[in-house]
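Accompanying notes for the structure given below.
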Amino acid sequence: MSFLFTAIMTLLVSPGVWACGSACSALQKGVARKVIRLLGQPQMQVGDLEHGCLQQQIPATPLDAESSLIASKKWIHGAPDCDAPGAREPKYDMLEVNPGYFIIRQNKCITSEAPFMYLMIGESGAFLHDTGDSHSADDFPLRSLIDGILARKEKETGRSIHLTVGHGHAHGDHVQGDYFFYGRPNTTVVGHDPESVGKAFGISDWPNGVGSLDLGGRKLSVIPIPGHEASSVAFYDHATGDLLTGDSLYPGNIFLSQSAWGTFRESVSRLKDFTGKNPVRNILGSHVEMTNTPGKDYPYGSTYQPEEHPLPLYQRHLDELHQIMQGEASSVRRDDFTIPL
Ligand SMILES: [Zn+2]
């Protein structure tokens, strides 16, 4: 398949066939998307179509098995009628990427935000990224879910596991479930302001420093990225290369106030610098709001998203965001995310 792929792509990007100048035609874009889809290379995208065609933007590495699993996962996505019997079940969906890595999503009929949460487990520690948009255990039994996973792990390994509950940022749809973990033994629940976040992860020079969390044989780096919210941070998992970016980069609307543009520009630049030294496998955010039609999102508050964009983004999307942030503050709509100002 790779020989066939190379042959076709070589043909496509050769100037005679694919000389599209400053903008691709709709036909060229369509053909490019089809080729990528047919060859099963979801990491490859048509690229920054406003600035040319395929030739600049093709990462050569195919997705590994875990990334394919994440990219192909069809999540629960709400219901046409959330009052219909059964529409609020299941309360959440969960993907076990591997025995130490779980992705959880809430039901859109319970909260239209339907945030994603991540659980990463090392030899002596676990990290829960966000606690969701419910404070009722009936709506979201997150505590019992996490307790069950960690109890199994502790039994298997014979070691106790310290749980750190942290957040990509402090907006309500990501921290409501903190309440479930207050008072849990062997647990740290990180606070919601830059000072608390800095202290918890050893970031002395906020927002320029990089902090860390040691899970025992598994290290996370913590990169401050204020802009969407003052305490926004990204988490990089050195074990997998996955980068958790919260609401600061995801297949949806990166909400930013005009006055935060400069702060966010610096954050994105620092994040890009970090990824220059630490290769990124997947960029994983906390929502999906785009459809799988390029540039088209679901209306805010949607409780039914049957044609969702896949969860992962990739380094090229961070590069794209970085390029956008170099310009003046303005609303932006791209294939895989938007910035509504
Ligand atoms: Zn959010």
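Order of listing sets the numbers, starting from 1, for every ligand and every atom in it.
- Every residue two or more places apart in sequence or in another chain that forms a salt bridge (charged side-chain N to carboxylate O under 4.0 Å, His left out) with Glu66 is listed here: Arg281.
- Excluding waters, the protein N/O/S atoms found under 2.8 Å from the Zn ion (ligand 1) are Asp173 OD2, His174 NE2, Asp247 OD2, His287 NE2.
- Taking the charged nitrogens against the carboxylate oxygens, Arg218 and Glu123 have no contact shorter than 4.0 Å, which rules out a salt bridge.
- A donor-acceptor pair under 3.5 Å is absent between the side-chain atoms of Lys199 and the main chain of Ser204, judged by distance alone.
- Arg265 pairs by the side chain to side chain donor-acceptor pair (under 3.5 Å) definition with nothing, not counting sequence neighbours.
- If you check the side chains of Asp173 and His287, you find a donor sitting under 3.5 Å from an acceptor.
- For Asn107, the side-chain contact (heavy atoms from CB on, under 4.5 Å) partners at least two apart in sequence or on another chain are Ile76, Cys109, Ile110.
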